[in-house]
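The model shown is predicted, which means the values in this text are computed figures rather than measured ones. Below, each value reflects all heavy atoms present in this structure, side chains not excepted, and no hydrogens, waters or symmetry copies. In what follows, chains are A, B, ... by sequence order, proteins preceding strands, each numbered from 1.
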Amino acid sequence: MNDIKAAWRALVAEALASCMNAKGLAGEPVSADAVIVEIPPKPELGDLGFPMFQYAKIFRSSPPAIAKAVAAALGGMAGAAALGRATAEGPYVNVLLDRVSVAAATLEAVQATGSAYGKTDNLAGRRIMVEFSCPNTNKPLHLGHLRNNALGESVSRILKANGAEVRKVNLINDRGVHICKSMLAYMKLGNGATPESAGMKSDHFVGHYYVRYGELADGAAGGESDAQELLRKWESGDPETLELWKRMNDWAVSGIETTYRRTGISFDDVYYESKTYQAGKDEVLAGLERGLFYRDGDGAVWVDLEDIGLDKKVLLRKDGTSIYITQDIGTAIKRHADWPFDRLVYVVASEQQYHFRVLFAVLERLGNAWAKDLHHLSYGLVNLPEGRMKTREGTVVDADALLDELIAMARDEIAAKGREDIIEDPDAVAEKVALGALHFYLLHATPAKDMLFNPKESLSFNGATGPYIQYMGARISSMIAKDASGEGKARSGAVKPGLLAADAEWVLVRRVATFPDIVAQAGAECNPAVIAGFLYDLAGEFSTYYHGNPILTAQDPDTSATRLALATAVGRILRNGCELVCIPFLEAM
RNA sequence: GCGUUCGUAGCUCAGCUGGAUAGAGCGACGGACUUCGAAUCCGUAGGUCGCAGGUUCGACUCCUGCCGGACGCACCA
């Protein structure tokens with residue numbers, strides 16, 4: 001649709017120029033890029049609209065008068081007549097596209113490209129690394145991670161659909177005081193238990209001890225000196241400490257990986273903080289030697305960023321151990337060496353905006369020219385009706401528990417609708433419906449905004465939800481299957497694009513034709529919500545359409561065949577689009 | 001205090017680089033299953049787009065100020 005818009009902008013610019021000539025007006029000709037296109041609020045007004053307000057000064061006449069002149073000029077241009085019809089509507093020049101040719105071209109494009117329909121080459125040749133998830137190994141994933149994972153995976157798929165070479169990376173935060181807390185609790189309260197002996201998923205097992213750290217003397221007192229002490233033993237390489245650390249980390253990581261698998265999330269490469277923090281220390285010390293940083297009286301290393309509106313920040317503690325930002329410095333440098341990227345996107349919550357501004361500034365100061373290619377994709381928190389999720393208050397929405405609940409609900413829904421015997425594997429379908437619901441919910445809102453998760457109202461499968469979109473896909477798949485088995489009239493008819501020119505069909509044709517533009521927009525903005533919203537609109541329009549327009553049982557075979565071709569194209573877009581927002585496409589549900 | 005960000009219907013969210021009457025879903029109320037799958041569809045009610053200025057032919061959209069919320073400004077991660 002963007003190409004059609006571009007063509008018409010050029011035509012309107014040409015028409016404006018000829019009108020200026022006709023009136024003997026001097027001045028800069030209007031460039032096609034400057035012409036504003038929009039979609040008229042009502043379909044009957046046209047497919048494209050061009051406001052004429054801005055030309056009133058040049059023409060020294062009213063916008064409606066200009067619109068009439070421009071529409072008349074367009075009417076006399078052979079190039080325009082072939083593409084559609086221009087009319088003046090008040091201060092606007094509106095264009096009615098030639099529906100038949102657009103419909104024919106769109107259906108043909110969808111059919112010819114199939115799973116590739118919608119892809120662009122806007123980012124061709126670009127290497128983009130996307131970092132997301134980044135779990136701590138002291139507890140299982142929660143709802144906030146699910147938003148992060150969905151965003152990271154979806155953005156990666158969208159960037160790839162725009163032609164980029166994408167590398168998805170994870171960073172496991174497997175060292176630090178918080179890890180030591182769960183280790184301490186396990187040492188004192190664990191009695192040698194294992195996830196197997198306790199009958200718990202291994203990451204939940206580790207998280208259980210992290211919570212129980214509060215039962216220890218130091219933990220209950222709000223102190224953490226014993227954990228700091230253990231961290232020092234860890235950094236000095238104490239064998240016993242390392243052994244326990246490795247065992248507990250393996251439990252945590254393998255449990256978290258299980259959650260990734262069940263949600264369809266994957267990575268091309270995984271970095272471990274325990275392996276990169278040392279590199280960060282080295283970089284900081286090298287920067288210190290070069291005079292980029294300074295050491296205070298206590299021995300801590302600082303960077304002064306006040307000249308660019310940031311503060312003075314500590315990069316190394318007085319005892320020489322590294323902190324959060326230290327390892328991020330090392331990790332970034334290592335990543336660029338491993339896989340030189342044109343862009344690195346960090347999918348991290350908005351609460352860390354300041355951290356990333358500092359990180360990028362430090363990396364630039366260290367002389368890394370690619371620091372300008374670092375991008376923080378900031379997203380808002382997932383809040384609960386009672387406020388923020390807090391581990392201590394037990395208000396954290398656990399990822400696995402939420403998934404289990406959604407799956408159970410989907411399973412009940414399938415049973416309630418009496419479809420257990422119709423679909424092949426109800427349990428597998430229930431899982432996919434649950435994922436569709438979860439991912440649509442997490443991705444339909446603009447990333448930057450905080451969002452509210454109200455369990456009672458959010459776990460619905462009706463209305464603007466993932467399952468609504470999946471349902472339309474299943475209905476279309478069902479129709480296609482019936483046609484293939486010989487039901488209906490479509491097989492005896494021929495596809496006639498001329499039959500798609502009516503308003504009802506045109507709504508869908510136009511929407512389908514817009515899909516590549518939507519993919520491009522989502523890629524440019526790194527915003528899956530653009531795709532999610534589009535899919536919901538398309539599904540809704542199709543739903544309205546097929547309620548009022550019989551397809552397999554249409555009056556005549558040609559109409560049936562043509563409508564089925566349209567439905568097939570819609571199904572294709574739903575399938576391609578769902579892939580981009582991590583919503584499983586279902587043939588039946 | 002400083003910085004970032006958000007404020008659209010009772011609730012959850014859309015609203016394209018400023019443009020024609022601000023749109024959905026949920027909830028409420030009323031309709032539609034002997035007919036391609038009712039996880040659906042159709043209709044009704046519901047908004048001075050936080051407030052006040054400014055820029056503009058035109059502002060939900062841009063600028064300023066104020067009010068309100070969230071987050072950050074740790075030798076925690």
Side-chain angles (χ1 to χ4, degrees), chain A residues 36-42 45 49 51 53-54 56-57 62-63 89-92 94 134 136 138 173 175-179 224 273 296 298-302 309-311 313-325 327 349-355 357-358 378 380-381 383 385 387-388 410 413-414 416-417 419 422 433 437 441 444-446 448-454 457-458 460-465 467-468 470-472 474-476 478-479 482-483 487-488 517-518 521 529-530 532-533 536-537 540 543-544 546-554 560 563-564 567 588-589:
Chain A
I36 291 167
V37 201
E38 49 155 318
I39 309 291
K42 289 201 161 194
L45 288 170
F53 302 101
Q54 56 188 318
K57 272 183 187 164
S62 71
E89 187 76 36
Y92 293 85
N94 289 337
C134 304
N136 291 328
N138 62 336
N173 293 309
R175 62 164 292 282
V177 181
H178 56 297
I179 309 293
E224 47 185 52
E273 187 187 333
D296 70 6
D298 287 343
V301 178
W302 294 73
L310 303 173
D311 302 307
K313 303 291 298 181
V314 170
L315 299 178
L316 276 181
R317 292 196 189 92
K318 63 185 173 201
D319 65 3
T321 57
S322 66
I323 55 176
Y324 184 47
I325 196 167
Q327 63 86 17
S350 60
E351 55 191 349
Q352 302 206 27
Q353 280 183 99
Y354 184 76
H355 166 77
R357 287 175 65 196
V358 172
S378 167
L381 268 46
N383 290 313
R388 198 174 170 171
E413 195 77 6
I414 291 167
K417 295 184 190 311
R419 297 200 45 91
I422 302 169
V433 170
Y441 186 80
H444 85 283
T446 302
K449 292 188 179 180
D450 287 354
M451 61 185 289
L452 189 79
F453 181 81
N454 183 334
E457 292 169 16
S458 305
S460 160
F461 297 148
N462 300 322
T465 65
Y468 176 87
Q470 290 173 312
Y471 180 66
M472 289 313 140
R475 293 289 302 269
I476 292 170
S478 168
M479 266 189 272
K482 284 193 169 169
D483 172 67
E487 282 185 55
D517 310 342
I518 293 295
Q521 189 194 339
V530 172
Y536 177 68
D537 288 342
S543 192
T544 295
Y546 88 124
H547 260 268
N549 302 84
I551 294 177
L552 295 178
T553 56
S560 181
R563 287 178 175 174
L564 183 63
M589 62 188 279

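One cannot find a donor-acceptor pair under 3.5 Å joining the base of B/rA74 and the side-chain atoms of A/D311.
Ranked by how close their nearest RNA chain B nucleotide is to the 5' end, A/N383 and A/T553 are led by A/T553. Where A/L381 and A/V314 meet RNA chain B, the nucleotide closest to each residue was compared, and A/L381 sits on the side nearer the 5' end.
B/rG23 and B/rU44 have their P atoms separated by 13 Å, with the value rounded to a whole Å. Here the separation of B/rC6 from B/rG15, taken at their P atoms, is 12 Å to the nearest Å. Taking atom C1' on both nucleotides, B/rA9 is separated from B/rA24 by 11 Å, rounded to a whole Å. The same atom, P, is picked in B/rC13 and in B/rG7; the two are 11 Å apart, to the nearest Å. Rounded to the nearest Å, the gap between the P atom of B/rU64 and that of B/rU55 is 15 Å. Taking atom C1' in both B/rA39 and B/rG3, the straight-line distance is 46 Å, to the nearest Å. Across B/rU48 and B/rU40, the matching P atoms stand 30 Å from one another, rounded to whole Å. Taking the C1' atoms as reference points, B/rG46 lies 9 Å from B/rG10, given to the whole Å.
The side-chain heavy atoms of A/R563 and A/L552, taken from C-beta on, include no pair separated by under 4.5 Å. Using a 4.5 Å heavy-atom cutoff, the side chains of A/I323 and A/L315 are not in contact. Counting heavy atoms from C-beta on, the side chains of A/V433 and A/M589 come closer than 4.5 Å. Put simply, the side chain of A/P467 does not reach to within 4.5 Å of the side chain of A/M472, judged on heavy atoms. Annotation: side chain of A/Y92 is not in contact with side chain of A/P63 (no heavy-atom distance under 4.5 Å). Residues A/Y354 and A/L310 have side chains in contact (heavy-atom distance under 4.5 Å, counting atoms from C-beta outward).
Nucleic acid contact class of A/D483 (heavy atoms, under 4.0 Å, all strands): none. Among the heavy atoms of the strands lying under 4.0 Å from A/P40 is at least one base atom, whether or not backbone atoms are also near. Using a 4.0 Å heavy-atom distance criterion, A/N136 is classed as a sugar-phosphate-only contact. Counting any heavy atom pair closer than 4.0 Å across all strands shown, A/I323 reaches sugar-phosphate atoms only and no base atom. Nucleic acid contact class of A/N549 (heavy atoms, under 4.0 Å, all strands): base. Using a 4.0 Å heavy-atom distance criterion, A/E273 is classed as a sugar-phosphate-only contact.
By the side-chain hydrogen bond (donor to acceptor under 3.5 Å, both in side chains) test, A/K417 pairs with A/E413, sequence neighbours left out. For A/D311, the salt bridge (charged side-chain N to carboxylate O under 4.0 Å, His left out) criterion is met by no residue, not counting sequence neighbours. Under the rule for a ring pair (Phe, Tyr, Trp, His ring centres under 6.0 Å), the partners of A/H355 that lie at least two apart in sequence or sit in another chain are A/Y324.
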*With the sugar-phosphate defined as primed atoms, P, OP1 and OP2, and the base as all remaining atoms, what B/S/- string results for nucleotides 37-44 of chain B, 5' to 3', for protein heavy atoms under 4.0 Å?*
BSBBSS--
_Base contacts versus sugar-phosphate-only contacts with protein, heavy atoms under 4.0 Å: please encode nucleotides 10-19 of chain B as B, S and - from 5' to 3'._
-SSSS--B-B
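In this structure, A/H355 places its NE2 atom 14 Å from P of B/rA74, rounding to the nearest Å. Following rounding to the nearest Å, A/Y324 (OH) and B/rG72 (P) show an atom-to-atom distance of 12 Å. Taking atom NZ of A/K313 as the reference point, atom C1' of B/rG3 lies 12 Å away to the nearest angstrom. For the pair A/Q352 CD and B/rA70 C1', the interatomic distance rounds to 16 Å; values are reported in whole Å.
One distance of note links CZ of A/F453 with CG of A/L381; it measures 14.5 Å at 0.5 Å rounding.
Closest approach of A/K318 to A/D298, counting heavy atoms only: CB-O, 3.4 Å.
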*Dot-bracket notation for RNA chain B, counting Watson-Crick and G-U pairs under 3.5 Å, with | for partners on another strand*: (((((((..((((.....[...)))).(((((.......))))).....(((((..]....))))))))))))....
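Under the 4.0 Å criterion applied to side-chain N and carboxylate O atoms, A/E351 and A/R388 are assigned as salt-bridge partners.
Classification of B/rC33 as syn follows from a glycosidic angle within 90° of 0.
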